[in-house]
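The block underneath contains the structure these notes are about, expressed in structure tokens.
No hydrogens, no waters, no symmetry mates; every other heavy atom, side chains included, goes into these values. Numbering of residues begins at 1 and proceeds along the displayed sequence.
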Amino acid sequence: MNATPRPQGTAGDAAPVLPQCRTGRAFAHTTGATGSGDPHRSDGRPPQTPRGARHTGRYGGLGTSPPVPGPPTPFTGFPGFRAAIALPALCAALFALIAWQVAAHGPLRGLDERLGRAAVGTAPRALAELLADLGNTTVALPVLGAAIAVAALRHRRWAPPLAAALAMAAVPALVVPLKTWIARPGPPAMTPGAHDGFFPSGHAATAAVAYGAAVLLLTRSRWWLSACALLNAAVGAGLVLRGYHWPLDVAGAWCLSVPLLCAAARFRVSCRSPGRPCP
């Protein structure tokens with residue numbers, strides 16, 4: 001491109017020059033060039049983003065483009081988001097199936113009673129009774145109370161301990177009406193008429209919620225979660241081997257306890273999500 005030579009001189013000697021109108025456009029705006037077609041932008045984008053196409057920022061406000069991630073969900077950072085949603089629903093469906101079979105004297109109840117009679121006495125009596133006693137409220141509730149106190153002092157938050165306490169309080173609120181409604185007789189080792197019902201097992205539900213909530217309050221280690229599951233399996237085995245409950249009584253209690261624990265875990269994770277205040 002040839003430039004017009006300027007005369008050499010001082011600023012006072014320079015004559016006024018009128019601006020010259022040049023025809024054509026820059027190479028980026030010419031027809032056929034890459035990104036051409038818009039006289040205002042060389043990258044092919046419109047001069048202004050349409051109002052309907054604007055991306056919102058965090059929490060729904062007008063923000064940056066490209067879009068930023070939305071508000072944190074209750075399970076943000078929790079492994080197995082879909083599993084955490086499906087597990088309570090699956091356990092609730094299993095509990096409904098077991099309760100229906102027990103209440104309607106279905107074939108599953110007959111198989112359960114045969115297995116329960118065959119299992120009684122196959123383990124040392126003292127060991128079975130020791131394992132079953134771990135589901136007593138006098139043992140499980142102090143463990144949960146200590147975990148609530150430690151969690152409250154460590155994290156200075158009352159919401160997760162309160163969620164664990166509410167989950168524990170929901171156990172008798174659910175178990176006692178179900179026992180009265182279904183009114184299942186106990187195994188032969190139990191005195192007939194000693195209780196209003198044996199399904200679901202209150203000892204198994206107490207152990208599952210108390211020990212499970214204690215672990216969720218204090219740690220997120222999978223080793224401790226596995227140890228808690230093994231402990232509850234031992235409690236259930238002790239209840240069956242000692243002749244205190246039928247196997248389906250224990251299984252129903254576990255299915256009833258899982259949604260309560262998932263609710264407590266969900267509240268705990270939602271409080272720890274970034275960007276959300278936790279009381």
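Screening residues 113-129 for side chain to side chain donor-acceptor pair (under 3.5 Å), with sequence neighbours left out, gives R109-E113. Listed by first and then second residue, the salt bridge (charged side-chain N to carboxylate O under 4.0 Å, His left out) pairs that reach into residues 132-152 come to none, sequence neighbours excluded. Within the structure, the ring-ring contact (aromatic ring centres under 6.0 Å, His included) test picks out the following pairs touching residues 218-251 (sequence neighbours left out): F198-H245.
The two residues A151 and L218 come nearest to each other via the heavy atoms N-CD2, 4.2 Å. P142 and T137 get closest at one heavy-atom pair: CD-O, 3.5 Å. Of all heavy-atom pairs spanning P200 and A253, the tightest one is CB-N, 3.8 Å. Nearest heavy atom pair, residue V175 against residue G202, reads CG1-CA, 4.0 Å.
Residues passing the side-chain contact (heavy atoms from CB on, under 4.5 Å) test with V258 are L87, C91, C262, sequence neighbours excluded. For L174, the side-chain contact (heavy atoms from CB on, under 4.5 Å) partners at least two apart in sequence or on another chain are L256, L260. Listed by chain and number, the residues in a side-chain contact (heavy atoms from CB on, under 4.5 Å) with L108 are Q101, L248 (sequence neighbours excluded). Every residue two or more places apart in sequence or in another chain that forms a side-chain contact (heavy atoms from CB on, under 4.5 Å) with A213 is listed here: L144, A164, L261.
Taking CZ of R184 as the reference point, atom OG of S201 lies at 11.0 Å (rounded to 0.5 Å). Distance check: Y211 OH to T206 OG1 gives 9.5 Å after rounding to the nearest 0.5 Å. To the nearest 0.5 angstrom, H203 atom NE2 is 4.0 Å from N136 atom CG.
Residue W181 is grouped with residue I98 when hydrophobic side chains (ILVMFWY) are merged at heavy-atom distances under 4.5 angstrom, including chains of intermediate members. With hydrophobic clusters built from ILVMFWY side chains whose heavy atoms lie under 4.5 angstrom apart, V102 does not share a cluster with L115.
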Let me see the working for L131 and R242 under side chain to side chain contact (heavy atoms under 4.5 Å, CB included), right down to the final yes or no.
CA-CA 9 Å; L131 295 176; R242 183 62 181 85; over 6 Å; no
Hey, mind stepping through L178 and F95 against side chain to side chain contact (heavy atoms under 4.5 Å, CB included) and telling me if it holds?
CA-CA 11 Å; L178 287 170; F95 178 81; 3.4 Å; yes
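Clustering of Ile, Leu, Val, Met, Phe, Trp and Tyr by side-chain heavy atoms under 4.5 Å joins V120 with none of the others. Summarising the hydrophobic clusters (Ile, Leu, Val, Met, Phe, Trp, Tyr; side-chain heavy atoms under 4.5 Å, direct or chained), the residues clustered with L97 are W100. Residues near L241 contribute nothing to a hydrophobic cluster around it, because no ILVMFWY side-chain heavy atom sits closer than 4.5 Å to its side chain. Membership of the apolar cluster around L94 extends to L90, as traced through chained side-chain contacts below 4.5 Å between ILVMFWY residues.
Listed for the T219 side chain is no donor-acceptor partner under 3.5 Å among the backbone atoms of V215.
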Please set out all donor-acceptor pairs under 3.5 angstrom arising from side-chain atoms of residues 225-239, sequence neighbours excluded.
unit_1	atom_1	unit_2	atom_2	d
S226	OG	R222	O	2.8
N232	OD1	A208	N	2.9
N232	ND2	C228	O	2.8

